[in-house]
2 protein chains.
Amino acid sequence: MSNNDNLKLENQLCFRLYSLTKLMNRHYSPVLKKLGLTYSQYLVMLVLWENNTTTAAISVKALGEKLDLDSGTLSPLLKRLEKQALLSRLRNSKDERSVEIKLTTAGCQLKALASGIPAQMFSVTGMSLVELHTLNAQLDNLLASMNTR
Amino acid sequence: MSNNDNLKLENQLCFRLYSLTKLMNRHYSPVLKKLGLTYSQYLVMLVLWENNTTTAAISVKALGEKLDLDSGTLSPLLKRLEKQALLSRLRNSKDERSVEIKLTTAGCQLKALASGIPAQMFSVTGMSLVELHTLNAQLDNLLASMNTR
DNA sequence: TGAAATAAAATTGTGCACAACTTAAATGCG
DNA sequence: CGCATTTAAGTTGTGCACAATTTTATTTCA
């Protein structure tokens, strides 16, 4: 590739990632709309569903670390999910700086409605399971590299 | 992978793409800030720099097709770039529905300041050129699949 | 102990991305 | 021709993402 081509749109990895993320979102949106969720809200619910009870709590801070999002993004998003009665937000009495997030019963129940989404989205990719795992591993490497430079 | 794991965050391709796109953006932002550009504005400039003159024009429509963005995103973004005197917006006299975008002299000149960005960002990925091309090809396949389902 | 430093959320402001809609212009076709 | 249809931009409203700042609580350590 000549130096003249470095700035061509078609040669940018970042543009492919950007386009794919938008395209992924467009495939998820109509499916998630049936659950009343946006894509980002779905990611939050995925974390909460991993401890699928109304008793387990996770702080906004820990949620932010898992999802790589700050309180500026999470605070209003969590308020919207609370308004939908999918989760509760409660100050930690041991440390009043922290806010603990718990699923409500409705939030727990929503998991069942989401159970078919991963398979449905996988079929949209047109990939085999092996290809998926290979790509996941490559992207993990790239994430690791870019997090340390 | 068991069915129980389908909804785990760590198993989602979409989350990797989402995280990578955000991470990519964070690497670009401080670099682009020196040019007074956001990441999306940079993508628009990449398209315009491919015909690096003040005479070539591209319609908002064509720009939207290249970048996969609609007028709701592009109209305000292009106004901001016009305010920065990097481009001009002019109704097409042959078809008054269309608005034609042209680089200004300053817009053309900015390309030189951006010339080192692709190499700089490539180094952040930690990949070899072969790895980059392989990944680009895989992502192109994925984009093609997801655009037809 | 108590002032300085650190930490967690929330708030404010900017700029996307996109759905839904409006406006104005061009096209098509009976 | 004339009217319905289509097309291109722009507008409005919602929800992120994130920088910068504020508020309140906790920790540190002289």
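None of the values given here were measured: they were computed from a predicted structure. Each chain gets a letter, A, B and so on, in the order the sequences are listed, and its residues count up from 1. Just the heavy atoms: all of them, side chains too, but no hydrogens, waters or symmetry mates, feed the values below.
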**OP:** Mind calculating the distance between NZ (K61(B)) and C1' (dA26(C)) to the nearest angstrom?
**Re:** 14 Å
**OP:** Ignoring backbone atoms, establish whether R89(B) has a side-chain N or O less than 4.0 Å from OP1 or OP2 of dA9(D).
**Re:** no
Original post:
Under 4.0 Å between a side-chain N or O of R91(B) and OP1 or OP2 of dA9(D)?
Top reply: no
Original post:
Taking only side-chain nitrogens and oxygens of S59(A), does any of them come within less than 4.0 Å of OP1 or OP2 of dA8(C)?
Top reply: no
Original post:
Side chains of L90(B) and V99(B): does their closest heavy-atom pair fall under 4.5 Å?
Top reply: no
Subject >> Over 12 foreign heavy atoms within 6.0 Å of NZ, K22(B) >> reply: yes
Original post:
Counting only side-chain N and O atoms of S98(B), is one of them less than 4.0 Å from OP1 or OP2 of dA9(D)?
Top reply: yes
Original post:
For K66(A), does the NZ atom have more than 12 heavy-atom neighbours from other residues, nucleotides or ligands under 6.0 Å away?
Top reply: no
Original post:
Is there a side-chain polar atom (N or O) of R80(B) under 4.0 Å from OP1 or OP2 of dC16(C)?
Top reply: yes
Original post:
Side-chain N or O of S71(B) less than 4.0 angstrom from OP1 or OP2 on dA8(D)?
Top reply: no
Original post:
Hey, does the side chain of S40(B) come within less than 4.0 Å of dA17(C)'s phosphate (OP1/OP2), counting only N and O?
Top reply: yes
Original post:
Below 4.0 angstrom from OP1 or OP2 of dA17(C), is there any side-chain N or O of Y18(A)?
Top reply: yes
**OP:** Look at the side-chain N and O atoms of K22(A) and state whether any lies under 4.0 Å from the OP1 or OP2 oxygen of dA17(C).
**Re:** no
Subject >> T38(B) side chain near dC16(C) phosphate (N/O to OP1/OP2, under 4.0 Å) >> reply: yes
Subject >> Rounded distance in Å - CG (L37(A)) to P (dG15(D)) >> reply: 12 Å
Original post:
Just how far, in rounded Å, is P of dG15(C) from CG of L32(B)?
Top reply: 14 Å
Subject >> side-chain N/O K79(A) vs dT11(C) OP1/OP2, d < 4.0 Å >> reply: yes
